[in-house]
Amino acid sequence: MRRPEAPATARESGLMSAGEPSVTMEAEQLQRLLDALPALISYIGSDERYGVVNRAYERWFGEDSGSVVGRQVREVIGDAAYAAVKPHITAVLAGRPQDFESRLTYREGRRRHVRIQYIPHLGASGDVRGFFALVADVSEQKRAEDARRFLADASAALDPAQGRDAGFRRVAALAVASVADLCAVHTLEPDGSVHARVVAHADPAKAELAARLARRGHPLPAPGTPPSPLREVLHGGHGRLLPDLAGHALAGEDHLAVLRELGCRSAVIVPIRGDGCVLAALTLASAEAERTFDAADLAFAEELSQRIEVALQRVRLYDMARDAESEARRRFLAEQEARRAAERAAQRMAGLQRITAALADALTSEAVAQVVVDIGVAAAGAYAGTIVVTAGDELECLKEVGYGRETVERFRQMPLDAALPLTDALRTGAPVWLRSREECSARYPLIASAVLSGATVSLCCLPLVVQERPIGVLGLSFAEPRPFDQEEQEFLVAVSRQCAQAMERARLHEERAAFVERERRVALENARLYREAHEADRRKDEFIAMLSHELRNPLAPLTTGLELLQMSAQMSAQMSAGERADRDDRQILATLERQVKTIVRLVDDLLDVSRITRGKIELKRERLDVASVVMAAVESVRPLLVQRGHDLVLSVDPGVFVHGDRVRLEQVVVNLLNNAIKYTNPGGRVSLACAAIAGDARIRVTDTGVGISAELLPRVFEPFMQARRTLDRSQGGLGIGLTLVKRLAELHGGRVEALSGGPGEGTAISVWLPLAGAPSAPAEAPAPPAPGAGPPRATTRPLHVLLVDDNVDAAEGLRRVLQLHGHAVSMAHDGPAALEAARASRPDLVLLDIGLPGMDGYEVVRRLRAEPELTRPYIAALSGYGQDQDRRRSREAGFDAHLTKPVATEQLLSLLAEAAPRG
């Protein structure tokens, strides 16, 4: 199992504190992230005690959640494993990273092959505070490598010249050295008893005991006794998987009793076939508590038995060649035939060896098919061959060689019920031998002309069977008639068996590889989600800090101004009338007004971003001259220009028209100018240009300010995205001005662009808007307002107003404003009191706060409307929420109007004018 390489050292940074590793996320979130990772991760202090472990680490050691933290390494992994890793721990605590593999014996005798990485945790001064440990269990990978190496070594050890028993002994010795703790070969004697020909054990101390127990023999079972797994295999049965020997043990069964006595826990027993019968039974057993044989081990043992079968065939072929040579000495006339037989046997033996060696490295179905078709076709003497596999209800060609394009295309996919040699072999699980063109024409007349066209004269189709389940077919075509005698049939069936076993092994390997890849992707996805969460958390903290700062800025002068007014009021009480007449608090009031407008602008900007994001903003489009919008925006920011001492350079072409919302486009230009002014040092230059370019109106604002880094430039239009600032935060703002610019421009069908040469090089931000077409008729321009003219002040008769608000200070302020304009005011501060006051005073206008304690404003207005004598008053909602859904809900509840806090005096007087006719 591979994993991403870890860094060589971990130094203290924003993610590491002086005591132990940490991140800006809470400890609980970090622990959940570590627990979600499949790898084994821990942090160990310099005292060799665990500081952090993930859940996978605890499960691997069988520990309860949280029981490992604080314990010594030696206590958790055991003395034997600790002795093996102690030198590496010493090295990493000396500051040297460690990356090593080892076969460790953990507590309770568990043996695992692991890859371990130790990464030192260095403090700010370079001292080692502890180290990170990443552990990967590679036992299965090592076991698979040992199995492949063992199969290759076993094939090489089966020398036909040494005889059958000598080959068995070599295979057993190799097996207990790499893949099993015990290996035995049993044969069935003519009298029905079982004889142990070879018994080998990995533990030399138990090898002699194993041999002594094997010599006891296995006599015939008593009548009525169920057959043992060993006897079932020897009597022609299929391979047996015994994952738990204790669970499969039968009373008095000698073979399993011997395995138990030798400490074996699980085993597989497979037949070794030859000459159409079972020659022997091969037993592989494991004594490891954590190693339980499974279906993959059974498949491995069956592949080993197949190789032994091939070796036995090689022994027989070797004997035949030797006998043929002896016969040649005795009978000269048979010499040539015997020689040809020996050559064929040698060719087949060499072909089997090449196939066996090549299949050991074939890890995919395609690679297996490539080996068998390329090498098997030549070894069998065929001129063409193919491998087809099942794909749903069809057979699909996996690999072919030697056939013409037309034949390949015709038979690339075949339904399973087709009358073809390939499909017959798959359905029956038996080989199909077609020795001549005539035999093929007789059995398959409909396809004879297509299949036996060209060079094909004879063919065979061999099913690929895995545990009695056909998974495909190997087809071979020959250019001459073939007798397919017993020897050739055995050879070709052996090739097909090796192919089937190799394809099954490849399937298991591909499944393992797919699982590992899925785990890797999950780990990468978890890492990506962590980075995104960390970035979102960082930006959230920055935004909260910015919002706090920006709200405190205006609150400071507000507080100061209120204190000054309070002091002024105290002083006024001590002054004479003449002295009071000389006082002027207009400067203080102007300061308060400016700061209140700043807070309102901050809230409005946030609401605008929210509305645009949710698609809740509507544009009031009209045909506009961009020059008029630009000049209005310039007038709005002129006080800030003067305050900062900037030069403003204007280049505005007349007659550039767009179809848009005047208020929103003015907001776009104001935000661009504010942004340029704030981020330009005092005495700088800000340029604004407007022109028609290629069908668009381009508004460009350029400054000589601080500029934007290349890293930040692609993200300047994201919400709350700002460059790093100094502690004075002289520029101000929440980082949403450019976001509003971008989104308002896109609502108008336009786009934005930011350019900067880098820090200190200034910035240019451009907005493109589609030009408006020519007007259908000349429109009369509205008359400009008279100089000094402001919004009309509503005048009305005195009204009786009921003011309901749980905020006493806010209610008192509105009461004073209303009384100054000649209206009578009564107040209530909760819902029930409001109902009583309304019944007692019968008001003309009710200003009703929605967020009241106990009974909210919606319920109060519904009850007022339900009383016949109280249906006449004009009722307006007061709320801090002013979005479309808030206004819609207040209308549905029965309010006549909806005012958003804070309420401007002009807005309040307009409302009084609307309420007067009803009263």
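The first residue of the sequence shown is numbered 1, and numbering continues consecutively from there. In this text, all values refer to a predicted model and were calculated from it rather than measured experimentally.
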| task | Evaluate the criterion ring pair (Phe, Tyr, Trp, His ring centres under 6.0 Å) for residue pair Tyr43 and Phe131; output intermediate values, then yes/no. | result | CA-CA 6 Å; Tyr43 175 79; Phe131 62 96; 7.6 Å; no
| message | Working note: Gln667 + Leu740, criterion side chain to side chain contact (heavy atoms under 4.5 Å, CB included); need CA distance, chi angles, decisive distance, verdict. | response | CA-CA 9 Å; Gln667 185 179 5; Leu740 280 173; 3.8 Å; yes
| task | Would you check, one step at a time, whether the test side chain to side chain contact (heavy atoms under 4.5 Å, CB included) holds for Val53 with Val69? | result | CA-CA 7 Å; Val53 296; Val69 175; 4.0 Å; yes
| task | Assess whether side chain to side chain contact (heavy atoms under 4.5 Å, CB included) is satisfied between Val92 and Ile119, documenting all intermediate values. | result | CA-CA 7 Å; Val92 73; Ile119 306 165; 6.0 Å; no
| So Asn675 and Asn671, side chain to side chain contact (heavy atoms under 4.5 Å, CB included) or not? Walk me through it. | CA-CA 6 Å; Asn675 204 64; Asn671 277 339; over 6 Å; no
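Here the straight-line distance linking atom CD of Glu366 with atom CD of Glu510 works out to 6.0 Å at 0.5 Å rounding. With rounding to the nearest 0.5 angstrom, the CG atom of Asp127 is 8.0 Å from the CG atom of Leu122. Separation of atoms CD (Gln117) and CD1 (Ile41) is listed at 11.0 Å; rounding is to 0.5 Å. The CD1 atom of Ile44 sits 6.0 Å away from atom CD1 of Ile89, with the distance rounded to the nearest 0.5 Å. Taken from CG in Leu738 to CG in Asn674, the straight-line distance is 11.0 Å, to the nearest 0.5 Å. Between the OG atom of Ser687 and the CG atom of Leu673 there is a distance of 10.5 Å, given to the nearest 0.5 Å.
At a threshold of 4.5 Å between non-hydrogen side-chain atoms, the residues His659 and Pro770 do not count as touching. For the pair Leu665 and Leu624, the minimum side-chain heavy-atom distance is below 4.5 Å. Between Thr763 and Tyr679 there is no side-chain heavy-atom pair separated by less than 4.5 Å. Inter-residue side-chain proximity for Gln907 and Leu899 is flagged as met; some heavy-atom pair is nearer than 4.5 Å. With a 4.5 Å cut-off on side-chain heavy atoms, Ile850 and Leu878 do not count as touching. By the 4.5 Å heavy-atom criterion applied to side chains, Gln643 and Leu640 are counted as neighbours. When side chains are defined from C-beta on, Arg129 does not count as touching Ser46, because their heavy atoms never get closer than 4.5 Å. Side-chain atoms of Val663 and Lys620, non-hydrogen and from C-beta on, never get closer than 4.5 Å to each other.
More than 12 heavy atoms of other residues, nucleotides or ligands lie within 6.0 Å of CZ in Arg887, so this atom counts as buried by the packing criterion.
Side-chain N or O atoms of Ser879 include none that pairs as donor or acceptor with a backbone N or O of Thr900 at under 3.5 Å. Between the Asp856 side chain and the Gly851 main chain, no donor and acceptor come within less than 3.5 Å of each other. Side-chain atoms of His121 do not come within 3.5 Å of backbone N or O of Gly130 as any donor-acceptor pair.
Residues Asp137 and Arg115 are not paired through a salt bridge, judged by the lack of any N-O separation under 4.0 Å between the basic side chain and the carboxylate. The residues Glu892 and Arg889 are annotated as not salt-bridged, no charged nitrogen and carboxylate oxygen being separated by less than 4.0 angstrom. Note on Glu746 versus Arg743: no salt bridge recorded, every NZ/NE/NH1/NH2 to OD/OE distance being 4.0 Å or above. Note on Arg521 versus Glu517: salt bridge recorded, some NZ/NE/NH1/NH2 to OD/OE distance being below 4.0 Å. At a threshold of 4.0 Å, the pair Asp886-Arg888 does not count as salt-bridged, since none of the basic side-chain nitrogens sits closer than that to a carboxylate oxygen.
For Ser42 against Tyr57, the heavy-atom pair with the smallest separation is OG-CE1, 3.9 Å. Smallest separation of non-hydrogen atoms from Ala697 and Val656: CB-CG1, 3.5 Å. Across His748 and Arg664, no two heavy atoms sit closer than the pair CE1-CB, 4.2 Å. Smallest separation of non-hydrogen atoms from Phe895 and Gly857: CZ-O, 3.7 Å. Taking each heavy atom of Leu713 and Ser756 in turn, the nearest pair found is CD2-N, 4.2 Å. Shortest non-hydrogen contact noted between Leu769 and Ile699 is CD1-CD1, 4.5 Å.
The one candidate from Leu672, Val670, Leu648 that meets the side chain to side chain contact (heavy atoms under 4.5 Å, CB included) condition with Val637 is Val670.
By the side chain to side chain contact (heavy atoms under 4.5 Å, CB included) test, Phe100 is found to be paired with Val85, His88, Gln98, Ser102, Ile116, Tyr118, residues two or more places apart in sequence or in another chain being considered.
Side-chain contact of Arg662 with Ser628: a donor-acceptor pair under 3.5 Å is present, judged by distance alone.
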